[in-house]
Amino acid sequence: MGTLISNIRMLDENGTLKNGEILIEDGLFKEIGHELPKEGHEIVDGGGRFAAPGLIDVHVHLREPGGENKETIRTGTEAAARGGFTTICAMPNTRPVPDSAENIGKVNELIEENARVRVLPYASITIREAGKERTDMAELEQNGAFAFTDDGVGVQSAGMMYEAMRDAAGLGMPVVAHCEDNTLIYGGAMHDGKRSRELGIPGIPSIAESVHISRDVLLAEAAGAHYHVCHVSTKESVRTIRDAKAAGIRVTAEVTPHHLLLTEDDIPGDDANWKMNPPLRAQEDLEALHEGLLDGTIDVIATDHAPHTAEEKAAGMEKAPFGITGLETAFPLLYTNFVETGKWTLKQLTDWLSEKPADVFGLGYGRIAEGLPADLVLIDLEKEKTIEPETFASKGKNTPFGGRSCKGWPVMTIFGGNIVWQEGQQ
């Protein structure tokens, strides 16, 4: 006996929505077509909604272990399921850091016990992410590391990054980088631009990011490594990545919804719900990000979901921690602002959130295809509602998007053939 998802719409190879049905058996997509045999199967009526591959987010902060007041694996994966994400990749800036077999083993145990969707854990490049001593990458790979990163901080030593890239390349593993030269931050809390001067808040210049990327693409070329750039935010970064790809360097990159939607001009004042790292940049940066995504310079969209407590965020722009939540709002925000307006196609959006992350990191899912894991999200493209942070499953309510009205909300998420969330479920 399987589960037949009937009365749904799917994208064909030309990006056209067509009616269809999906049969799931033993956690896999068994058959995809029209008017499939129903006898002996559980029937789930899709209500005419859009069926997309389960979304994949390669940049999420789950905070556990060590930051359970901000988020837990349980609450973070519940938020992911509500947002239509069936695979999320957890960053290693936890306490302890997954920098040893023992520590990543503990993380995997917590994931096994608490996760509602698939969680792939990153391991750190350096011990405690302190940038002073490298981890044993082979040991970490053997114990379930998805990839290597010190996200949250940039690896400041070129020699250390080069050696890490060589070791990762030997293992066939990606190196994923938060790109920021600490000598160029200057104590900033937002973008170094006209808005920072208006508000009297110290700014972070664009070169803090782009200089690191420029260094790293050359190191990746020398090491023969797959190098992935986190949360690209500046026009100079886009240009550098584009040039590196043209030179044949194996570099991939991600951009966040907030960097595609917001600029420094949107920051209303000293409100830390608008504080993230990298910061919201200038209009010309946003335009370069759009261009880079459309021309393939930037490969995927990732949320950088970064929950914090209300008390932390109440401290203001200069003192509060960086980061906003993103898992529960990514699809409707992007659908409303880009697909509904005709700037993107629905296929482009779903590819950047599913198929392309799978391709970049060599994952065996991200598509609706026979024989693959049955990860699926049903999305009501007509449903419109207001973003209400107080209703989030995530512990983090820190978002600049509260009060925005969006269309295109997930209503059911299926992971491995099982319904892990549906609309109306608490």
Side-chain angles (χ1 to χ4, degrees), residues 58-71 73 89-108 110 120-171 173-189 204 207-209 211-216 219-220 223 225 227-231 275-279 304-308 312 319-323:
V58 299
H59 193 141
V60 170
H61 298 270
L62 293 180
R63 305 301 188 199
E64 187 179 10
E68 289 85 352
N69 60 327
K70 302 171 187 274
E71 192 77 287
I73 291 169
C89 305
M91 287 298 177
N93 55 341
T94 53
R95 295 294 178 268
V97 172
D99 56 7
S100 66
E102 179 184 4
N103 288 344
I104 199 168
K106 290 177 181 177
V107 170
N108 281 317
L110 289 167
L120 306 177
Y122 284 96
S124 63
I125 295 170
T126 67
I127 293 174
R128 296 186 301 280
E129 290 194 318
K132 295 179 179 179
E133 183 180 357
R134 290 199 302 115
T135 56
D136 185 335
M137 288 183 162
E139 178 183 75
L140 291 165
E141 187 270 338
Q142 292 165 8
N143 284 274
F146 162 66
F148 301 106
T149 185
D150 272 9
D151 183 65
V153 291
V155 176
Q156 300 302 301
S157 165
M160 186 167 292
M161 189 59 143
Y162 174 59
E163 292 165 9
M165 287 180 173
R166 284 197 309 183
D167 284 359
L171 295 167
M173 298 276 281
V175 169
V176 176
H178 172 114
C179 294
E180 191 170 36
D181 187 315
N182 290 350
T183 66
L184 295 169
I185 297 173
Y186 300 119
I204 303 171
I207 53 172
E209 174 180 298
V211 162
H212 239 207
I213 296 173
S214 299
R215 179 200 76 173
D216 282 357
L219 296 178
Y227 169 65
H228 180 79
V229 186
C230 292
H231 42 50
K275 181 181 182 181
M276 63 284 291
N277 192 8
D304 192 9
H305 174 82
H308 293 289
E312 288 173 314
K319 294 182 180 179
F322 292 98

Participant: Using a 3.5 Å distance criterion without hydrogens, assess whether the side chain of Glu71 forms a donor-acceptor pair with backbone atoms of Arg63.
Facilitator: no
Participant: Going by heavy atoms in the side chains, are Val107 and Pro65 under 4.5 Å from each other?
Facilitator: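 Yes. Closest side-chain heavy atoms under 4.5 Å.
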Participant: Could you check Tyr122, Phe146, Phe148 and say which one makes a side chain to side chain contact (heavy atoms under 4.5 Å, CB included) with Pro92?
Facilitator: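 The residue from Tyr122, Phe146, Phe148 that satisfies side chain to side chain contact (heavy atoms under 4.5 Å, CB included) with Pro92 turns out to be Tyr122.
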Participant: Excluding sequence neighbours, so at least two apart, what forms salt bridge (Lys or Arg N to Asp or Glu O under 4.0 Å) with Lys132?
Facilitator: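 Counting only residues at least two positions away or on another chain, Lys132 forms no salt bridge (Lys or Arg N to Asp or Glu O under 4.0 Å).
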Participant: Hey, is the main chain of Ile125 close enough, under 3.5 Å, to the side chain of Asp150 for a donor-acceptor pair?
Facilitator: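 The answer is yes, because a donor-acceptor pair under 3.5 Å joins these two groups.
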Participant: Report the residue from Arg166, Met161, Glu163 that forms a side chain to side chain contact (heavy atoms under 4.5 Å, CB included) with Leu219.
Facilitator: Met161
Participant: Between the side chain of Glu209 and the main-chain N/O of Pro278, is any donor-acceptor distance below 3.5 Å?
Facilitator: no
Participant: Strictly distance-based, threshold 3.5 Å: is any side-chain N or O of Asp99 a donor or acceptor partner for the main-chain N or O of Arg128?
Facilitator: yes
Participant: Could you tell me which non-hydrogen atom of Leu62 sits nearest to which non-hydrogen atom of Ala90, and how far apart they are?
Facilitator: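 Here Leu62 and Ala90 meet closest at CD1-CB, 4.0 Å.
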Participant: Please check if the side chain of Glu68 supplies one atom and the backbone of Gly66 the other of a donor-acceptor pair under 3.5 Å.
Facilitator: yes
Participant: Between Asp181 and His212, is any side-chain donor less than 3.5 angstrom from a side-chain acceptor?
Facilitator: no
Participant: Quick one: side chain to side chain contact (heavy atoms under 4.5 Å, CB included) partners of Asn277, sequence neighbours excluded?
Facilitator: His178, Glu180, Pro279, Phe322
Participant: Without swapping roles, check the side chain of Asn108 against the backbone of Pro121 for a donor-acceptor pair under 3.5 Å.
Facilitator: no
